[in-house]
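Read the numbers this way: they start at 1 and go in the same order the structure lists the ligands and their atoms.
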Amino acid sequence: MPLEGVFCVSVLTVNLAENSYDIVIERGALASLGERCRTLGLKGIAAIITNPTVGELYGAAAQVSLETAGYTVARIEMPDGEEFKNSATLNRIYDDLLAAGVDRSSFIVALGGGVVGDVAGYAAATWMRGVPFVQVPTTLLAQVDSSVGGKTGIDHPKGKNLIGAFYQPRLVLIDVDTLATLDQHQFRAGLAEVVKYGVAVDRPFFEFIEANIAAILAMEPDVLIQIILRSCQLKAQVVELDEKEGGLRAILNYGHTLGHAYEALSGYCGMVHGEAVAIGMALAARISAAEGYCTPEEVARITALIIRCGLSIDVPQVDRQQLLNAIAADKKSKGGTITFICNKGIGRYAMSHHTPEELLVLSGLEA
Ligand code: NAD
Ligand code: GLY
């Protein structure tokens, strides 16, 4: 059954006054990259920033599309992996931009998953005090979340995404066909962010995911387009109300407070982002029940859907003090207290305020 209000559109607009942009969601969209950049009035050199994995798969198609539209293309590669989302990689990208002659009249194309998107976006935000950029996300996680909303940045050894900028792309071009080459592990990790929207803000979407999980896991294009569209719609709605995360946008971090902590403790390479978010959501549901925001039955239903997505909710064994420190490094922490996002039933959110120690107790990790 199609998700109401979603099936008939393939272009959404994120309305942010002079920073507004379209999200195009289509099969085969990559071929239209160059033409769409021309329509937007982008000029100069098109600098594609990607990694070797995605460059090998889709770099040529992106380049041909841009060249066909008359652009000179520079290809810049960063190493593949969250462990390279750092200042050393960024500096090498600046070197490459300089060598390629990318100046203020040029633009950047981020071709890849969330890591490439975040780093290339931050390079665009900072290179020559800002050049336009286009997001071409190629993982499910990037298509439903990271490419939309303008959060760009790099990790610091002491915490994820601690350095960055809000910098909106000029276009998000989602080619659903690129998911065909994504391994199942990464695809399932992306589903964690899809489930997040259902649990925190949209009960009918949660129920749609439950009802269509087999088709989703089989990666049926029509159902993929629907979950990507709905996720982007929901994210756009929140970003339009609170672009710079003054308050409301924090709800998009449902499951991320504890998830980020476990991800950081895994050294950014033992566990991928979506897997950490899955564990964080299971714990957030338990904390929500302990706070009286949802019932044990709702916790069981949320947890069951996470598991049906092929994600583990097993909490890694880590050092207690390191975990507390990692939770305290959360960007929603102020004066030792963290704004924690709970689910109210399924499909609504509530914000509560706790110390890291209280979160461990409420989640049942500690008596
Ligand atoms: P990723 O970028 O590391 O990609 C995962 C793997 O898939 C990589 O090895 C990549 O090379 C490969 N890959 C990408 N596209 C492929 C394709 N089509 N076919 C085959 N392989 C492909 O991981 P991710 O999950 O996409 O992104 C995680 C990052 O996103 C984290 O750094 C996280 O902090 C960030 N993030 C940012 C936001 C935001 O709002 N900016 C939101 C959520 C997550
Ligand atoms: N992924 C959380 C946000 O974009 O705000």
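- For the residue pair E291 and S352, a side-chain donor N or O sits within less than 3.5 Å of a side-chain acceptor on the partner.
- With ligand atoms numbered from 1 in the order given, ligand 1 contributes 34 (O) to contacts under 4.0 Å with heavy atoms of N161.
- The protein heavy-atom contact nearest to atom 20 (C) of ligand 1 is T181 O, 3.2 Å.
- Judged by the 6.0 Å and 45° rule, R38 forms a cation-pi pair with Y71.
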Solution key, residues 106-125 side-chain donor-acceptor pairs under 3.5 Å, sequence neighbours excluded:
unit_1, atom_1, unit_2, atom_2, d
S106, OG, I45, N, 3.1
S106, OG, D103, OD1, 3.3
D118, OD2, K85, NZ, 2.8

Would you mind writing out a table of all protein N or O atoms found under 3.5 Å from any N or O atom of ligand 2, naming both atoms and giving the distance to 0.1 Å?
unit_1, atom_1, unit_2, atom_2, d
ligand 2, 1 (N), D145, OD1, 3.1
ligand 2, 1 (N), D145, OD2, 3.4
ligand 2, 4 (O), K235, NZ, 2.5
ligand 2, 4 (O), R249, NH2, 2.8
ligand 2, 5 (O), K151, NZ, 2.9
ligand 2, 5 (O), R249, NE, 2.8
ligand 2, 5 (O), R249, NH2, 3.4

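- Residue E35 places its CD atom among 12 or fewer non-hydrogen atoms of other residues, nucleotides or ligands, all under 6.0 Å distant.
- Between the CD atom of E298 and the OG atom of S288 there is a distance of 10.0 Å, given to the nearest 0.5 Å.
- Shortest contact from atom 13 (N) of ligand 1 to any protein heavy atom: V54 CG2, 3.8 Å.
- Side chains of E263 and H256: no donor on one and acceptor on the other come within 3.5 Å.
- Between the side chains of E67 and Q63, at least one donor N or O lies within less than 3.5 Å of an accepting N or O.
- Polar contact with ligand 1: present for D118 (N/O pair, distance under 3.5 Å).
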Item to complete: Could you walk me through whether R188 and Q184 pass side-chain hydrogen bond (donor to acceptor under 3.5 Å, both in side chains), step by step?
Response: CA-CA 6 Å; R188 286 163 193 231; Q184 276 297 310; 3.1 Å; yes
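- The protein heavy atom nearest to atom 24 (P) of ligand 1 is G114 N, 3.5 Å.
- No side-chain donor-acceptor contact under 3.5 Å links T152 to the backbone of G164.
- From the protein, the heavy atom lying nearest to atom 31 (C) of ligand 1 is E82 OE1, 3.0 Å.
- Remark: ligand 1 and E263 share no N or O pair separated by less than 3.5 Å (distance only, no angle test).
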- request: Output, in order, the C-alpha distance, side-chain angles, deciding distance and verdict of side-chain hydrogen bond (donor to acceptor under 3.5 Å, both in side chains) for T126 and Y167.
  value: CA-CA 9 Å; T126 48; Y167 191 69; over 6 Å; no
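- Taking every heavy atom of D145 and a limit of under 4.0 angstrom, the matching atoms of ligand 1 come to 42 (C), 43 (C).
- Close approach to T178 involves these atoms of ligand 1, each under 4.0 Å from a residue heavy atom: 17 (C), 18 (N).
- Salt-bridge check for R92 with E77: failed, with every basic side-chain N at 4.0 Å or more from each acidic carboxylate O.
- Within a 6.0 Å sphere centred on CZ of R27, heavy atoms belonging to other residues, nucleotides or ligands number 12 at most.
- Counting atoms of ligand 1 from 1 in the listed order, those under 4.0 Å from a heavy atom of Y58 are 18 (N).
- Numbered from 1 in the order shown, with element, the atoms of ligand 1 that lie under 4.0 Å from a heavy atom of T138 read 14 (C), 15 (N), 16 (C), 17 (C), 18 (N).
- Listed by number with element, the atoms of ligand 1 under 4.0 angstrom from any heavy atom of D80 are 8 (C), 9 (O), 10 (C), 11 (O).
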